[in-house]
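Order of listing sets the numbers, starting from 1, for every ligand and every atom in it. Remember, it's a predicted structure, so these values are computed and weren't measured experimentally. Any value given below was found using the heavy atoms of this structure, including those in side chains, with hydrogens, waters and symmetry copies removed.
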Amino acid sequence: MTVTQTPLKISADFDSGNIEVLDASNPSNVRLAIRPDTNSPHLQWFHFKVEHLDVGQKHAFSLTNASQSSYNRAWNGYQAVASYDHEHWFRVPTTFDGTALNFSLAPTESQVYFAYFEPYSRARHDWLIEQAINKAGTELIAIGKSVEGRDIQLLRKGDGAVGKRKVWIIAQQHPGEHMAEWFMEGLIERLQEKHDPVMAQLLAAADLYLVPHMNPDGSFHGHLRTNAKGKDLNRAWQDSSRELSPEVFFVQQQMEKYGVDLFLDIHGDEEIPYVFAAACEGNPGYTPHQQQLEEHFRRRLSEITQDFQTRYGYPRSNPGQANMNLACNSVGERFQCLALTLEMPFKDNDDAPDVVTGWSGKRSKQLAKDVLTTVSEMVSVPR
Ligand code: GEM
Ligand code: ZN
C-alpha cells in the first residue's frame, strides 16, 4: 500500500510573515522567493511556516531571489533560524550559491517556522509595554501613530525633574531588525530588578526616554527596511513628515519638547558578524567632547562584555561628510550630545559564537543590560 504524503503547506499571512511560494511540490527542493517591502525595492527579511512535514526526512528550501536582496553579500556566513514552537529558535545548515539561499532540515516535528532572525511579535510588543508600565515603573508620556495608525509609544522612566539628564533610546526604525526590540525587552527587564545600585545611580541622575518600536507597520508587513509608505526611517531625520514618516516626525517633536543629553539608536546589521557602534564623527558640528564620550562608551562597553567590540564596524565618516538624514547624526548635531547607532548582527558575534542560536533575542537582551551599566557611568560624566 503506498502512503501518499500530504503536500507541504507554506504560509506567511501572519505578523511579520514574508514569503512567496514558487513550487512546494518537491520537499527536497522547495522553491520560494522573498517579497520586497511595500512601495520599496528593499528585500531581505523572510519569515514563514511549513506544515505537513515528513518527520525525520530531510527537507530543502531555496530562497531563489536572495541575490537580489538589499545586502546580498550578507548571505555568506549566514545561517537561517528555525523554530517548532515560535519561541525556541536555532540555526539550520545554510548555504548561498550566488543566486539562492539554501537551507535544510530533517524535522523532529511536523511543522516548523523559518525566519531571517528571531521575530519579535506585535503581541509581545503589547505585553512589553504593559510590563514597562505596570512592573518597570515607566510612564507612557506620549503616543504617536504610524502610517497605518499603530501606536508608537514613548515611555519615560523618571519624573522629568529639572536637571535630570535625558537619555533617549529608540529601536527598530528598520522593521526587519527584530533584535532591536529584543534589546528593549532586556532594558525594560533590568528596570524591574529590585536591588540594582547601578540603575539607582543612573536614575538618580537621568530619566530614560524609551521608544521600544519605531516602525510597527513595517515589522507587521514583514519588511526589512521601510515603513508602510516605503520610507527608510533612518533616512528621514532632515525632512520627516506627517504623511511619509510620521513615526520620525513624532519622535522629533518629543525630543524638542523634552531635550536630549544622550541618544542610542538600536539596529541590526546584515553583514558584519560583530556588535559595534557607529557615531556622528562626520557631523559639521562634531566636537572633541563628543569624540571623548564616544570613546569612553565604546571602551567601557567592550570591557563589560565580550559581546561588544571596537575592531569591526562601519567606515568612519570623513569630517563634515556625514549623512544628516540618519537619526544618530541628526540628533548628535541638534543636541550636541553623545549619539550612537548600536548594531547587533543577524549572523553571530564571531568573538563569542553560539553554534546553536548564533546571535539571538536572549543575547540582545543581555547586551541591553550591559549598555545600561555603561550609560549609568556616562551620565555622571559632565556633558
Ligand atoms: C545604518 S547606519 C549607517 C551608518 N553608516 C555609517 N557609515 N556610519 C543605516 O541606516 O544604514 C543602520 C542600520 O541600517 O542598521
Ligand atoms: Zn537598521
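Taking 4.5 Å as the limit, some side-chain heavy atom of Y274 sits within range of a side-chain heavy atom of D350. S83 is listed as a side-chain neighbour of D85, based on a closest heavy-atom distance under 4.5 Å.
Given atom 9 (C) of ligand 1, the protein heavy atom at minimum distance is R225 NH2, 3.2 Å. Scanning all protein heavy atoms for the shortest distance to atom 15 (O) of ligand 1 gives E343 OE2, 2.7 Å. Closest to atom 6 (C) of ligand 1 among all protein heavy atoms lies Y314 CB, 3.7 Å.
Using a 4.0 angstrom heavy-atom cutoff, D269 does not count as in contact with ligand 1. Taking a 4.0 Å cut-off on heavy atoms, C328 fails to register as neighbouring ligand 1. Contact between R316 and ligand 1 is absent, with no heavy atom of the residue lying under 4.0 Å from the ligand. At least one heavy atom of E177 sits closer than 4.0 Å to an atom of ligand 1.
Ion pairing of R190 with D196 is present here, as a side-chain N (NZ or NE/NH1/NH2) and a carboxylate O approach within less than 4.0 Å. Salt-bridge annotation for D207 and R165: absent, with no side-chain N of the basic residue lying under 4.0 Å from a carboxylate O of the acidic one. Classification of R299 and E303 as a salt-bridged pair holds, one side-chain N sitting under 4.0 Å from a carboxylate O.
Taking every non-hydrogen atom of G268 and a distance limit under 4.0 Å, the qualifying atoms of ligand 1 come out as 15 (O). Below 4.0 Å from some heavy atom of P315 lie the following atoms of ligand 1, by number and element: 7 (N). Listed by atom number, the atoms of ligand 1 under 4.0 Å from L326 heavy atoms are 2 (S), 3 (C), 4 (C).
Of the heavy atoms in H174, only side-chain atoms (C-beta onward) come closer than 4.0 Å to ligand 1.
Cation-pi contact between R298 and F308: absent, since separation from the ring centre below 6.0 Å together with deviation from the ring axis within 45° is not met.
Under the salt bridge (Lys or Arg N to Asp or Glu O under 4.0 Å) criterion, R242 pairs with no residue at all, not counting sequence neighbours.
The residue from A327, G176, A278 that puts a heavy atom closest to atom 8 (N) of ligand 1 is A278.
The only option from E181, H213, E177 that meets the side chain to side chain donor-acceptor pair (under 3.5 Å) definition with S219 turns out to be H213.
Not one N or O of T341 is nearer than 3.5 Å to an N or O of ligand 1, by distance alone. Taking any N or O of H267, backbone or side chain, at least one lies under 3.5 Å from an N or O belonging to ligand 1.
Sequence neighbours left out, the pairs with a member in residues 9-20 that pass side chain to side chain donor-acceptor pair (under 3.5 Å) are S16-H47.
Distances from the Zn ion (ligand 2) under 2.8 Å pick out these protein N/O/S atoms: H174 ND1, E177 OE1, E177 OE2, H267 ND1.
The minimum heavy-atom distance between H221 and R150, with the atom names listed, is NE2-NH1, 4.2 Å.
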| said: Working note: H289 + Q336, criterion side-chain hydrogen bond (donor to acceptor under 3.5 Å, both in side chains); need CA distance, chi angles, decisive distance, verdict. | reply: CA-CA 9 Å; H289 187 50; Q336 285 298 296; over 6 Å; no

- [ ] Would you please test D351 and R311 for salt bridge (charged side-chain N to carboxylate O under 4.0 Å, His left out) and show each step?
- [x] CA-CA 11 Å; D351 282 340; R311 306 180 324 280; 2.8 Å; yes

Considering only distance and modelled atom types, tabulate donor-acceptor pairs under 3.5 Å from the side chains of residues 109-120, sequence neighbours left out.
residue	atom	partner	partner atom	Å
E118	OE1	G361	N	2.6
Y120	OH	E185	OE1	2.6

